[in-house]
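Before any comments, here is the structure.
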2 protein chains.
Amino acid sequence: MSPTPQQRRASRHHQPDPGAGAAPARGRRAQPITVAAIIDAALGIVARDGYEALTMRRVAAALETGPASLYAHVVNKDDLGELLIGRLCTEIDLPEPEPAAWREQITGVCTRMRDQYLRYPGISRAALAAAPTNEDTLRIGEGMLAILLAGGIAPQAAAWGIDSLMLYVSAYTLEVSLLTDPGNEWVVSRDELLSRLSGLPDTFPQTKRHAAELTAGTDHERFDFTLDLVLDGLARR
Amino acid sequence: MSPTPQQRRASRHHQPDPGAGAAPARGRRAQPITVAAIIDAALGIVARDGYEALTMRRVAAALETGPASLYAHVVNKDDLGELLIGRLCTEIDLPEPEPAAWREQITGVCTRMRDQYLRYPGISRAALAAAPTNEDTLRIGEGMLAILLAGGIAPQAAAWGIDSLMLYVSAYTLEVSLLTDPGNEWVVSRDELLSRLSGLPDTFPQTKRHAAELTAGTDHERFDFTLDLVLDGLARR
DNA sequence: GCTTGACACGAACAGCGTTCGTAACATCGA
DNA sequence: TCGATGTTACGAACGCTGTTCGTGTCAAGC
């Protein structure tokens with residue numbers, strides 16, 4: 001028998017599984033249901049309608065089947081989320097460490113992760129939930145660790161720094177996704193936001209005075225700013 | 001009539017509402033249903049069973065009523081989440097800025113937020129979703145802004161720094177909540193994690209070599225490390 | 001006493017994740 | 001060639017969710 005979804009998941013986390021054998025796949029469909037096909041269908045839904053709209057039933061419908069059929073390939077919905085993150089991480093390629101260019105290399109990886117996540121609005125939710133033993137995310141960690149170490153960062157600072165950076169990328173992209181979601185009632189233009197801050201009561205003196213700075217930042221200026229902040233700190237340790 | 005939940009929410013965001021008048025509350029219950037009572041009941045559930053277990057039906061049951069009754073006081077579940085975050089933010093007191101002690105003051109506020117969030121596992125999910133115009137979270141922003149400005153940080157750096165810090169606090173607490181959730185299948189001791197990292201294939205050389213550093217950090221050492229990193233960076237601009 | 005209007009809530013709807021039992025097929029041994 | 005075997009696919013159902021609608025029930029105003 002081919003591995004059960006449970007075994008698949010366990011091996012993705014390098015955990016021994018109370019296992020069984022394996023055998024070739026069989027079936028009677030024109031296009032058999034596979035994990036890869038499920039991931040493809042799911043990513044399509046997330047790209048079009050956001051992570052909130054991702055349901056087992058919709059994935060099944062996209063595959064022209066019923067929801068029950070998915071559970072032969074996927075443990076549950078959380079598992080599917082993890083698989084999606086895994087796929088996204090696999091598509092990120094990591095540069096060979098160049099000691100002199102460690103900052104640019106790290107920024108590059110983070111930026112690629114950011115853009116990858118933003119293509120699938122809200123998927124960072126799954127990234128935040130993904131366990132630290134997932135092999136695909138560990139691959140990114142390995143790559144970033146190699147870059148930082150090559151750049152001369154001390155191992156402990158590098159380890160914790162990577163953690164902070166990946167956490168920040170996930171949180172930032174999740175926030176951006178929520179704030180630009182057209183289904184969100186509170187999405188608001190910069191001008192509107194600025195006028196609301198200026199209209200605050202006098203118990204918010206600093207916020208009113210610096211509303212311009214608080215609402216500043218086009219594109220991903222805020223993102224770059226924070227990355228620089230953290231990398232500056234790492235470089236100095 | 002007392003304000004509809006919609007009007008309440010709008011005013012919390014300083015948005016004009018297409019309003020109506022107001023009138024004293026009436027009812028025929030021993031203990032009338034109020035927004036405050038709903039928040040209390042909801043926080044009790046989250047504290048005990050986590051944010052995932054927060055259900056309109058459970059909140060209603062705690063108030064000895066049916067779910068429909070809540071919708072006279074709360075717009076929907078997202079609104080309830082925002083109210084919870086608002087309550088938590090209200091309970092955080094902000095120090096009078098002391099220019100010489102700005103670092104300690106900022107760290108103090110972030111730490112209090114962290115501990116507050118951690119008391120209600122998973123609630124940071126709602127914090128990440130909360131709109132940037134919510135008055136209660138703006139209050140924290142105002143307080144931190146005042147501290148940073150008093151400490152001599154440039155307004156733009158202060159504004160973006162606050163953003164990063166609050167985002168990090170939410171993300172960090174969310175991660176910690178998920179990783180220590182006893183219902184989580186992947187929660188694992190430090191020793192177990194370390195042995196899994198060491199058992200990785202040879203395509204993970206750095207991860208295997210520095211498994212100790214990657215799994216290091218008791219209590220909130222990682223949290224303090226990142227805060228220091230960001231504050232160092234802010235101080236230098 | 002009667003009307004008015006705000007509050008509370010029972011019942012229901014559509015949709016969700018997940019499980020169970022069964023039907024349909026490919027392969028293998030005889 | 002013909003079952004027997006084991007695997008895949010899936011219809012139907014369960015229990016739960018957020019939310020809405022219509023009705024009941026009380027306090028206040030005339």
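What you see is a predicted model; the values in this text were computed from it and never measured. So you know, we letter chains A, B, ... as the sequences are listed, proteins then strands, and number each from 1. Basis for what follows: all heavy atoms, side chains included, without hydrogens, waters or symmetry-related copies.
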Measure distances between side-chain N and O atoms of A:Arg57 and base N and O atoms of C:dG17, and say whether any donor-acceptor pair falls under 3.5 Å.
->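 Yes.
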
Can you check the [X] [atom1] to [N] [atom2] distance for me, whole Å?
| X | N | atom1 | atom2 | result |
| --- | --- | --- | --- | --- |
| A:Leu54 | C:dG15 | CG | P | 17 Å |
| B:Lys77 | D:dG18 | NZ | P | 5 Å |
| B:Ile33 | C:dG10 | CD1 | P | 10 Å |
| A:Gln6 | C:dT19 | CD | P | 9 Å |
| A:Asp78 | C:dT18 | CG | P | 7 Å |
| B:Asn76 | C:dG15 | CG | P | 18 Å |
| A:Tyr71 | D:dC14 | OH | P | 17 Å |
| A:Met56 | C:dC16 | CE | C1' | 11 Å |

Describe the nucleic acid contact of A:Ala72 in one word from base, sugar-phosphate, nothing, applying a heavy-atom distance below 4.0 Å.
->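 A:Ala72: no heavy atom of the nucleic acid under 4.0 Å.
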
NA contact type, A:Thr65, heavy-atom cut-off 4.0 Å: base, sugar-phosphate, or nothing?
->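 If one applies the 4.0 Å heavy-atom cut-off, A:Thr65 turns out to touch the sugar-phosphate alone, with no base involved.
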
So, is [X] close to the [N] phosphate, meaning a side-chain N or O under 4.0 Å from OP1 or OP2?
| X | N | answer |
| --- | --- | --- |
| B:His73 | C:dA8 | yes |
| A:Ser69 | D:dA9 | no |
| A:Thr55 | C:dC16 | yes |
| A:Arg58 | C:dC16 | yes |

In Å and rounded to the nearest 0.5 Å, what is the CG to CD distance from A:Leu167 to B:Glu175?
->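 Answer rounded to 0.5 Å: 5.0 Å.
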
Could you tell me the separation between the CD atom of A:Glu135 and the OG1 atom of B:Thr203, rounded to the nearest 0.5 Å?
->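 The distance works out to 6.5 Å.
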
Take the angle between the ring planes of B:Tyr172 and B:His220 and call it parallel below 30°, perpendicular above 60°, tilted in between.
->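 The arrangement is perpendicular - the two ring planes meet at more than 60°.
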
Among the candidates C:dT18, D:dG11, C:dG10, find the nucleotide nearest to the side-chain atoms of B:Ala68.
->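 Given the options C:dT18, D:dG11, C:dG10, the side chain of B:Ala68 is closest to C:dG10.
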
Hey, is the main chain of B:Ala37 close enough, under 3.5 Å, to the side chain of B:Thr34 for a donor-acceptor pair?
->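 Such a contact is found between B:Thr34 side chain and B:Ala37 backbone.
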
Quick check: are there more than 12 heavy atoms from other residues, nucleotides or ligands sitting under 6.0 Å from CD of B:Glu221?
->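 Buried by this count: over 12 neighbours within 6.0 Å.
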
